[in-house]
Q: 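One structure, pasted below without further comment.
Residue numbers start from 1 in every chain, and the chains themselves are labelled A, B, ... in the order their sequence lines are given, proteins ahead of strands.
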Amino acid sequence: MTPILEVKSLSKTFGSVTAAADINVSVKVGERVGLIGTNGAGKTTFVNMVTGYIKPDRGTILLQGRDITGQSPRYITRAGVCRSFQIPQLFLGLTAEENLVVAIGIATGRALAPHASPDAPDTRGAVEDLLSRFRLGEYRHRVVSELPGGVRKLLDIAVAVTRKPKLLLLDEPTSGVASEQKFALMDIVMEALPDDVTVLFVEHDMDIVSRYSDRVLAFYDGRIISDAHPSVVLSDPQVKSYITGAAN
Amino acid sequence: MQLVSTIVLDGLIDASWIFIVAVGLTLIFGVLNVLNIAHGNFYAIGAYVAASAAGWYYAGGDSFPALGLIIMLGSTLVVAVVLGPLLERGLLRFFYERDEVVLVLVTYALFLVLEDATKLIWGVNPYYAYEPYVLFGNVSFFGLSYVGYDLMLIVVAVLVGVLLWLALNRTTSGKLVLAVIHDRDMSSALGINVTRIFVVAFTIGVFLAAAGGAVTAPKISVQPGLAVTVVLLSFAVVVIGGLGSIGGAAVASLIVGIARSLAIHTAPWAELFIVYMVMALMLAIRPQGLFGTEGLRKI
Amino acid sequence: MLDWRSTAHLCMALVALLAAGLVLPGWANFLLVIALSKGLAALGLVVLLRSGLLSFGQGLFYCAGGYGAGLLMLWGGISDAALLVGGGGLFALLIGVATGPLVAGYRKIFFATLTLALSMLVHGALTKADFLGGTDGLNLRAPTFFGWRAGSAGENVYALYAFASILAVALAGLCRAHFGSVRGLLSLGVRDNEIRIEYLGTSVRRVVFENFVIAAFLAGIGGAINALALSHIDPELAFWTTSGEFVFVAILAGQASVVAVFAASVLLEVVRSWSSQYFPNAWQLTLGVFMLAVILFLPNGVGALLRRRSRPSVEADAK
């Protein structure tokens, strides 16, 4: 079966900083992949290149065999890759519900019609479905700028999945969330996602990584220094010394 | 050949005063991140104050003509020192936390207010301050006679540019200003007194506009409507050169000056809109301007 | 689409406007026609402001609408108000379609300055275009209304007023329905976060372009009505201070209410005619102080459109 994502010799430098040096990865459909590494190791750059925010200097990115290298975010999103952000990218002046209405409107094309009502039954149905799957019901009428960080994180992911992506990239879904709430948040997210969605998530908390991923990519200095099951990667001496620290 | 040299020299003269005014606008934008629509009003106020000062001085006899010019410039310095801090501290600072578009609107409102305030103070009849215009006699160039005062303007503009560059790049306070232009939040975190730099930069910007008005006052009739023309010209310069870039303002002033002079001498009908044409073209090809930079937002 | 309640509101508003015109003196009808025509241009700005964009060149389309209608009359021999205004609006729309792709890539002050430059270009060109009357512009004749020609100046003003009211109410109703639609929310989304819009798979440029064209059309209709009311067109329509007035009205109106736009426009015209009578040299000053006061003390107005909805509690929470 064609891998959902195949990245070949991907490279990117910013001035003298190497953010990606010859990265090669192949991800199977339905995998849950954790991306770990210290700040500046190249995780977010990798996510940004796959989703088109940054253009790689070299290398190719294939989505189910289709070349999406260097395409615009819009093109890549339409091709079936959606993402959330380290800093949630939401419509701050709109309510949680309105954020979902816009997202669903774009996904269904209804947002481009001049007078489609936000109260149309199928739009409503889709909104209700997302609100309940992501446990956002109580926040529906609150303006996003008023919402707590964790709720924004959830809403950001809910907005990202309105298009029913094949591949979902989550950039630090639990950053800024109190440690005792991280598992609860990840439980909601993983439960809300259909099984056939392939998920790549950037994460600093190794407990989260070992609980929610079935494969881990360890980034160091723009390279992937370890790529295996979490238990293998997290006990790798190189990973221990460079990323997780001696304590583990 | 003669036409070419005429166009170039006229263009240079035009570029000189435009540069003096526009570099003030770009300084204000660079430091305060304010696109100041009222900038032309500072030019107009400078011209009026200078013309009034000249009228007062020359009415008392023409004992030492050059002193009149100095008094004119000095009076605009007073204008800047009063208006600059007053407007920056008393008005603009309340809007720094708002969207930059809101600040454009605030300066637009200021433009409206100052436009009428100028009329209320000086009336609608023109003022003249032609006395200094003959100070430097006439100079011959390629068989053409040029007014020495106009050529002096070129020297003054170069001087302003060089002094500003030296002040920014060779003095400690100048480097602090550059730091603020580069990253306001970081500078503030490093303990730079951003407030003071804002006041000083705005005041210098106002002074440059007013001084531009003062040095052109002898060449023109000072009357209502100056502010509009000048602010649009300065906008064009700043947009073409790149917002916040002093080198850009210099090059763009030359482009605008020469373009205008070219139009006046070869296609007078195009004089009014050749500037906007260049501006629109520049925005279409390179929106950040000749010397501007563009950043990627962190996500 | 419009529900029956909004439709009923609109019909009531229209009847009220038409009745008021019968009672009011001719000069007031004239003032209201001008206010409605400028209100339409300002309504266009509100469409743009909802997507976070401030245009300082709306006068270009107001001017295009005026010249479109005027030339249809003078060169095309058409005298029917509906055709003239429709033609003016269409002409402005076409210019919007032609310039839209250029401006749609710009934001914030770049958008403001580029639209300003475009309108000043047109202003400059018109002042030198002798076949269009140059700086003086052109005088127009009184229009006909579906074959009927007004017998007196008073009748003509009322007919225009009635015609402008119908158009303004209809367009305001459409805009209101649009603002409440998914597409209307999408505009607010563009204002709030372009990155998210692109990462949802649609084009910010397209949204901006469409809003720009809608704004152009509304200004064109307004400009055409204005031209018929004044029986005159000149390049001042494209001058940036004309655009500045529209900005003023849009800012004053603030909230996403379409009614407020027209109320603000009427207020502006009343204040203008009052102060130009008593303080001919301080009219802009009044305007400027008023505008500062609005921005400073009614941030809802500006804030709601330019940034996000005002939620005082948020500010308190943040501190």
Q: Under 3.5 Å, is there a donor-acceptor pair between the A:T95 and A:R142 side chains?
A: no
Q: Is it the backbone or the side chain of A:A160 that comes under 4.5 Å from a heavy atom of chain C, or both, or neither?
A: both
Q: Counting only non-hydrogen atoms closer than 4.5 Å, does A:A113 touch chain C with its backbone (N, CA, C, O), its side chain (CB onward), both, or neither?
A: backbone
Q: Which atoms of A:D156 are under 4.5 Å from chain C, going by heavy atoms: the side chain, the backbone, both sets, or neither?
A: both
Q: Quick check on A:V81 against chain C: is it the side chain, the backbone, both or neither that has a heavy atom closer than 4.5 Å?
A: neither
Q: Under 3.5 Å, is there a donor-acceptor pair linking the side chains of C:S37 and C:Y62?
A: yes
Q: Tell me, for A:T51 versus chain C, whether the close heavy atoms (under 4.5 Å) come from the side chain, the backbone, both or neither.
A: both
Q: Ring-plane angle category for C:F248 and C:F290, please: parallel below 30°, perpendicular beyond 60°, tilted otherwise.
A: tilted
Q: Under 6.0 Å between the ring centres of A:F46 and A:F219?
A: yes
Q: Among A:G109, A:A111, A:G105, A:P165, which has the most heavy-atom pairs under 4.5 Å with chain C?
A: A:A111
Q: When you measure from the centre of the six-membered ring of C:Y199, is the NZ or CZ of A:R83 closer than 6.0 Å and no more than 45° off the axis?
A: yes
Q: Sort A:L90 into side chain, backbone, both or neither according to what part of it lies under 4.5 angstrom from a heavy atom of chain C.
A: backbone
Q: Hydrogens and angles aside, do C:N211 and C:R183 bring a side-chain donor and acceptor to less than 3.5 Å of each other?
A: yes
